[in-house]
Amino acid sequence: MLETARAAPHSGNVDKYQKALEQTIELSKLSDHEAGILLTSYVSNKIEWSMDGVPSATIAGSTPKEKLRNISNKAMIFHWHIDMVTKYMTKMLEVSDNDTQILLGLLSDSRDRLKKLSGRVEVLLQFLDLNTPTTTSTKPQDVLRDDYEKKLYGWAVLNWHKEFLAMVLQEVAGFKDNSV
């Protein structure tokens, strides 16, 4: 369900808020689209898998501010998980292979966009409340995995990453529809 509460920036910041919101929506659309391409590039057959430590795609919070904090936090957590997938794939695959280069490029792009998305959301939070503290996330710990588990972990990360970005797009578009 989309949040029906109105997200309203401080007076005098409406235009800047709207611009930041538009940029967040566009970045969310691009990230969501590319996450689908990345996931397709990563796996050849889908299996249902859940992996400990991989965050769910669910966006928590009952207010726009809480949801934005959760989005910013999870974007950084997915950023770190994709970084771990990149390290695994770099060690497991032939780096000089063209398909590997494409995959590593997509992983890098997604990782960078997640960091940007987190930053854009932090900007939105500041427009909503100047006293909002910056969101802090805890970097996930690497655990010992064999090559098969690393591939499954990568699939789980990319699957939930794609689902998360689709939910982000839905939420921020809902904020736009309900904002001043």
Side-chain angles (χ1 to χ4, degrees), residues 1-42 46 48-51 53-83 85 106-140 155-180:
M1 283 279 168
L2 291 176
E3 176 67 38
T4 56
R6 298 178 70 87
H10 294 286
S11 61
N13 287 328
V14 174
D15 290 338
K16 289 179 184 177
Y17 173 81
Q18 289 295 335
K19 183 176 180 178
L21 187 55
E22 283 292 328
Q23 290 172 337
T24 302
I25 290 169
E26 289 305 311
L27 185 58
S28 296
K29 285 180 184 178
L30 177 62
S31 296
D32 178 53
H33 172 74
E34 289 188 349
I37 295 169
L38 174 59
L39 184 59
T40 301
S41 176
Y42 188 80
K46 290 186 175 184
E48 290 302 316
W49 185 259
S50 175
M51 176 86 47
V54 178
S56 72
T58 306
I59 296 171
S62 58
T63 67
K65 202 162 117 177
E66 289 172 353
K67 288 181 179 187
L68 287 171
R69 272 197 202 112
N70 189 255
I71 289 169
S72 178
N73 183 46
K74 279 196 177 175
M76 283 309 300
I77 292 171
F78 275 110
H79 163 85
W80 289 320
H81 279 284
I82 289 178
D83 186 56
V85 171
L106 289 167
L107 287 165
S108 177
D109 291 347
S110 290
R111 189 179 59 235
D112 294 346
R113 283 198 181 90
L114 284 163
K115 192 170 187 175
K116 273 187 188 176
L117 178 61
S118 179
R120 294 261 189 229
V121 171
E122 290 294 325
V123 168
L124 289 175
L125 282 166
Q126 289 299 312
F127 282 125
L128 291 173
D129 181 358
L130 294 174
N131 297 320
T132 299
T134 302
T135 304
T136 56
S137 307
T138 303
K139 188 174 181 176
W155 184 86
V157 168
L158 298 179
N159 184 54
W160 287 116
H161 163 247
K162 168 71 173 126
E163 293 295 320
F164 167 70
L165 291 171
M167 290 186 171
V168 168
L169 181 56
Q170 182 180 12
E171 288 294 337
V172 296
F175 294 156
K176 181 180 179 188
D177 293 341
N178 293 316
S179 65
V180 175

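Hydrogens, waters and symmetry mates play no part in the numbers below; they use all other heavy atoms, side chains included.
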Could you tell me the separation between the [atom1] atom of [X] and the [atom2] atom of [Y], rounded to the nearest 0.5 Å?
X	Y	atom1	atom2	value
M76	L114	CE	CG	8.5 Å
L158	I37	CG	CD1	13.0 Å
Q18	Q23	CD	CD	12.0 Å
L117	L27	CG	CG	5.5 Å
S72	E122	OG	CD	3.5 Å
Q170	F175	CD	CZ	10.5 Å

Judged by atom type as modelled, is there a donor-acceptor pair below 3.5 Å linking the side chain of [X] to the main-chain atoms of [Y]?
X	Y	value
S28	L169	no
N70	G61	no
K19	V14	no

Would you name the heavy atoms of [X] and [Y] that are closest together and state the gap between them?
X	Y	value
S110	L38	OG-CD2, 3.3 Å
R111	H79	O-ND1, 2.9 Å
T24	L124	OG1-CD1, 3.5 Å
L107	I82	O-CG2, 3.5 Å
K162	G36	CD-N, 3.5 Å
F78	H161	CE2-N, 3.4 Å

Steps toward side-chain contact (heavy atoms from CB on, under 4.5 Å) verdict (I71, F164):
CA-CA 9 Å; I71 289 169; F164 167 70; 4.2 Å; yes
Check step by step if side-chain contact (heavy atoms from CB on, under 4.5 Å) holds for E34 and L30.
CA-CA 6 Å; E34 289 188 349; L30 177 62; 3.5 Å; yes
Carboxylate-amine/guanidinium contact E66 R69, below 4.0 Å
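Looking at E66 and R69, the cut-off is not met.
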Where do V123 and Y17 land on the side-chain contact (heavy atoms from CB on, under 4.5 Å) test, with the steps shown first?
CA-CA 8 Å; V123 168; Y17 173 81; over 6 Å; no
Show the numbers, then the answer: is there a side-chain contact (heavy atoms from CB on, under 4.5 Å) between K74 and I59?
CA-CA 8 Å; K74 279 196 177 175; I59 296 171; 5.8 Å; no
